[in-house]
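The sequence lines fix the lettering, A, B, ..., with proteins before strands; numbering per chain opens at 1. Below, all heavy atoms of this structure are taken into account, side chains as well, without hydrogens, waters or symmetry copies.
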Number of protein chains: 2
Amino acid sequence: MATIRDVAKHAGVSVATVSRMINDAGYVHEDTRKKIETAIRELRYTPNEVARSLYKRKSKLTGLLLPDITNPFFPELARGVEDEMQANRFRIIFGNSDENSKKEKEYIQTFVQNNVVGVIASTNHPDSDTYRKLEIPVVFLDRTADNRPSVYSDGREGGRMAAQEIVARGSRRITVMQGPGHIRPAQDRYQGAVEALSGSGISFNVIQTSSFSFTEAGTWARELFEKHPDTDGVIASNDIVATAVLHEALRLGKKVPEDVQIIGFDDVPLSSLLTPSLTTIRQPAYDMGKAAARLLIQLIENKDMTQKTIQMPVTFIERDTTRKVEHYG
Amino acid sequence: MATIRDVAKHAGVSVATVSRMINDAGYVHEDTRKKIETAIRELRYTPNEVARSLYKRKSKLTGLLLPDITNPFFPELARGVEDEMQANRFRIIFGNSDENSKKEKEYIQTFVQNNVVGVIASTNHPDSDTYRKLEIPVVFLDRTADNRPSVYSDGREGGRMAAQEIVARGSRRITVMQGPGHIRPAQDRYQGAVEALSGSGISFNVIQTSSFSFTEAGTWARELFEKHPDTDGVIASNDIVATAVLHEALRLGKKVPEDVQIIGFDDVPLSSLLTPSLTTIRQPAYDMGKAAARLLIQLIENKDMTQKTIQMPVTFIERDTTRKVEHYG
DNA sequence: TTGTACGCGTTATCAT
DNA sequence: ATGATAACGCGTACAA
């Protein structure tokens with residue numbers, strides 16, 4: 001790899017001049033500029049970002065920490081982040097945390113060891129020292145903490161929405177699937193649903209689940225219909241679980257949505273391709289990712305912002321696992 | 001951030017001693033070791049990887065370039081890579097290429113500017129200068145190039161398999177969906193299928209598709225049944241397209257697998273959750289990712305390997321979009 | 001067993 | 001308009 005020295009020698013000037021020209025800081029004569037340009041081209045010189053980073057104590061690197069890229073909600077988020085970063089010439093060091101604090105900590109540590117200028121993280125412990133003590137901007141994505149930069153959607157409202165819509169469509173023996181206890185957004189949705197259901201005076205059952213994995217989802221779906229065979233409405237903690245429930249319901253010969261209605265959460269891409277297609281509460285994942293990246297970049301550049309937390313709207317996506325209503329409410 | 005200097009001062013020794021202790025290279029007295037350990041703890045010192053990287057001309061950073069993390073096949077790959085890298089304390093700079101050479105080139109360039117020690121890439125142009133001129137090891141993932149390190153599965157054999165299985169199960173008016181022309185694995189599958197079909201003397205139609213996106217998949221599914229309404233067997237270019245075809249077939253009131261059989265490719269996680277669940281040709285994506293990372297790490301450490309290309313087996317996953325047979329062949 | 005000093009590739013300061 | 005040089009934080013000869 002050619003260095004700035006090589007370029008300087010090749011062009012017959014000093015490294016200082018080359019540096020000035022590259023960063024166009026300070027004067028450099030048109031003629032020397034040309035010479036340097038040629039040298040750069042001929043030697044295929046590109047600045048060493050590591051040396052830059054060492055001197056300036058900041059890089060064009062950014063850290064992205066997500067629970068599990070294998071959960072279909074996160075690729076959308078990640079892509080939104082990446083597109084925005086890429087457009088602004090930032091690069092991303094990526095890691096999966098598995099919602100595990102130790103792993104998070106390790107990642108965050110190596111992020112700072114590599115001089116990243118900012119971090120986007122989806123964590124359940126935004127208030128832990130891991131983040132509190134960080135001297136670079138952090139944006140929490142799909143998670144919140146009071147008064148700290150974050151981009152998330154209103155899970156509670158989403159849960160309420162799901163409950164209202166399923167009740168409005170006639171379900172009366174509802175089962176709510178409560179997502180993993182340690183995952184905040186899952187609990188928000190759950191509470192929203194419970195809130196709305198309690199308010200409406202309709203009784204409901206709860207099935208507790210402990211992960212969002214594809215393989216386990218089937219187990220809970222089976223448990224659901226074993227314990228509560230007369231369920232006529234399921235509010236799932238996300239689309240994966242909803243998909244498993246749908247699959248199981250059909251396997252048991254139930255008609256969806258006639259016998260049982262199902263509402264998911266997230267609106268991951270596959271939801272519309274199921275048969276029947278899945279009614280769900282949509283989070284605008286891609287846009288959330290983009291917004292988070294944009295916010296982080298602003299934080300990196302300005303250091304102070306007025307609008308630090310962005311709550312994105314959730315929307316009811318009516319498809320075929322719920323019945324139609326004319327109008328209600 | 002504390003530097004090695006701070007630690008040295010705090011412990012009353014020289015930076016060299018601290019360095020030696022950290023990397024345990026050379027002697028260091030037990031007493032001084034203790035003092036240094038305390039200093040490190042108290043100052044919360046962690047080595048600056050950037051300075052390390054600059055001096056050693058190599059980092060613990062690795063580049064991962066995938067077409068689109070939003071395509072459900074890739075998260076599995078990525079996770080495999082990440083798990084293996086993480087276990088070996090390597091970090092990943094991640095980018096989406098969109099199968100676009102310019103983007104690829106930009107990413108690869110910034111990878112080297114950041115001193116990455118190796119690259120894993122899923123590209124259609126492994127022979128381009130972008131990769132040929134790289135001075136660090138590259139492993140091609142889900143793609144191949146003669147004699148260069150790569151991890152992929154036998155798409156051609158997979159295509160053949162799909163054709164044989166669908167024929168063995170009685171389809172006689174088959175439509176093959178030909179994936180995007182510029183994506184190698186898609187063409188391999190296609191050719192494998194065509195090969196087997198031609199060999200069996202069974203006629204077939206072809207529908208050309210130009211991406212693997214969720215949104216467009218539906219369009220081709222519709223086109224398929226408009227142009228070839230009597231199709232009784234579909235070999236899709238991947239599970240996304242297959243899912244769209246399934247969805248469309250059901251929408252048209254066709255019975256699957258009685259009226260039309262469908263075979264996908266990849267075995268992405270959702271396939272088993274569809275109703276009917278999708279018969280497909282499985283690629284062991286997670287393991288492929290792991291294998292690629294393992295191979296890259298060996299390349300980074302050894303520089304010469306005997307076994308440079310790893311072909312993973314594809315397997316026929318019989319589920320419910322195909323009919324049952326007792327035995328055949 | 002420990003310390004001094006140089007170099008990794010840049011940028012920025014200060015002369016010239 | 002340009003050049004010499006210190007500094008960024010670390011690892012390693014080499015000297016002590």
Side-chain angles (χ1 to χ4, degrees), chain A residues 1-37 39-40 43-61 89 109-117 135-136, chain B residues 1-37 39-40 43-61 89 109-117 135-136:
Chain A
M1 284 272 61
T3 75
I4 198 173
R5 268 193 161 77
D6 301 328
V7 174
K9 199 165 297 177
H10 197 86
V13 299
S14 78
V15 295
T17 308
V18 178
S19 176
R20 270 196 303 270
M21 141 145 193
I22 290 171
N23 307 291
D24 53 29
Y27 306 94
V28 35
H29 192 86
E30 189 55 31
D31 297 351
T32 51
R33 158 155 294 161
K34 289 253 188 283
K35 284 192 295 185
I36 296 176
E37 272 168 356
I40 289 182
L43 299 179
R44 276 200 203 74
Y45 169 77
T46 57
N48 181 324
E49 285 295 335
V50 177
R52 270 227 238 279
S53 172
L54 178 61
Y55 181 85
K56 313 218 295 190
R57 283 116 157 275
K58 57 163 104 168
S59 64
K60 292 297 269 181
L61 258 25
R89 297 222 203 72
Q109 194 190 106
T110 59
F111 285 170
V112 330
Q113 293 184 67
N114 281 286
N115 270 177
V116 303
V117 283
E135 291 158 347
I136 50 176
Chain B
M1 282 273 62
T3 76
I4 197 172
R5 265 192 165 79
D6 302 327
V7 175
K9 198 166 298 176
H10 197 87
V13 297
S14 77
V15 294
T17 309
V18 178
S19 176
R20 271 197 300 270
M21 167 183 146
I22 291 171
N23 307 290
D24 52 29
Y27 305 96
V28 33
H29 192 86
E30 189 53 30
D31 297 351
T32 51
R33 156 155 301 167
K34 289 252 187 283
K35 285 193 294 188
I36 297 176
E37 273 168 357
I40 289 182
L43 300 180
R44 277 199 203 74
Y45 169 77
T46 57
N48 181 324
E49 285 295 333
V50 177
R52 272 231 243 271
S53 171
L54 179 61
Y55 178 83
K56 311 215 296 190
R57 286 115 157 275
K58 57 163 105 169
S59 65
K60 291 297 269 181
L61 257 27
R89 298 224 201 69
Q109 195 192 105
T110 59
F111 286 170
V112 328
Q113 290 184 45
N114 281 286
N115 270 178
V116 303
V117 282
E135 290 159 347
I136 50 176

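- The minimum heavy-atom distance linking Ala51(B) with Leu54(A) is given by the pair CB-CD1, 3.8 Å.
- Within the structure, the salt bridge (charged side-chain N to carboxylate O under 4.0 Å, His left out) test picks out no pair touching residues 9-24 of chain A (sequence neighbours left out).
- Nearest heavy-atom pair across Val117(B) and Ile136(B) is O-CB, 3.8 Å.
- Rounded to an integer number of Å, the gap from CG of Asn48(B) to P of dT10(C) is 17 Å.
- Partners of Lys34(A) according to the salt bridge (charged side-chain N to carboxylate O under 4.0 Å, His left out) rule, which considers only residues two or more places apart in sequence or in another chain, are Glu30(A).
- Listed by chain and residue number, Tyr107(A), Gln113(A), Asn114(A), Arg91(B) satisfy the side-chain contact (heavy atoms from CB on, under 4.5 Å) test with Thr110(A) (two or more places apart in sequence, or in another chain).
- Shortest non-hydrogen contact noted between Asp6(A) and Ala2(A) is OD2-CA, 3.4 Å.
- Separating the OH atom of Tyr27(B) from the P atom of dT2(C) is a distance of 12 Å, rounded to the nearest angstrom.
- Boundaries of the chain A contact region on DNA chain D are dA1(D) to dG9(D), first to last in 5' to 3' order (nucleotide atom under 4.0 Å from a heavy atom).
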Base-contact (B) and sugar-phosphate-only (S) positions in nucleotides 11-16 of chain C, heavy-atom cut-off under 4.0 Å, - elsewhere | BB----
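- Scanning for side-chain contact (heavy atoms from CB on, under 4.5 Å) contacts around Ala25(A) gives an empty result, with sequence neighbours left out.
- Looking at residues two or more places apart in sequence or on another chain, you find a side-chain contact (heavy atoms from CB on, under 4.5 Å) between Val28(A) and Thr17(A), Met21(A), Thr32(A), Arg33(A).
- Going from atom NZ of Lys58(B) over to atom P of dC8(C) covers 17 Å, rounded to whole Å.
- A pairwise comparison of heavy atoms in Ile22(A) and Tyr45(A) identifies CD1-CE2, 3.5 Å as the closest pair.
- Residue-level contact check: Ser53(A) touches neither bases nor backbone, having no heavy atom under 4.0 Å from any strand.
- Among residue pairs with one or both ends in residues 48-58 of chain A, those qualifying as side chain to side chain donor-acceptor pair (under 3.5 Å) are Ser53(A)-Asn115(A); sequence neighbours excluded.
- A rotation axis mapping the C1' atoms of four pairs onto the next four is fitted at both ends of the helix from dT1(C)-dA16(D) to dT16(C)-dA1(D) over five pairs, and the angle between these axes is 50° to 10 degrees.
- Protein atom CZ of Arg5(B) is 14 Å distant from nucleotide atom P of dG3(C), rounded to whole Å.
- Considering only side-chain N and O atoms, Thr17(B) lies under 4.0 angstrom from the phosphate OP1 or OP2 of dG3(C).
- Whole-Å rounding puts the Lys34(B) NZ to dT1(C) C1' distance at 17 Å.
- Contact annotation for Val50(B): no contact, since no heavy-atom pair falls under 4.0 Å across all strands.
- Evaluation of the side chain to side chain donor-acceptor pair (under 3.5 Å) rule for Ser19(B) yields Asn23(B) as partners, not counting sequence neighbours.
- For the pair Gln113(B) CD and dG9(C) C1', the computed distance is 12 Å after rounding to whole Å.
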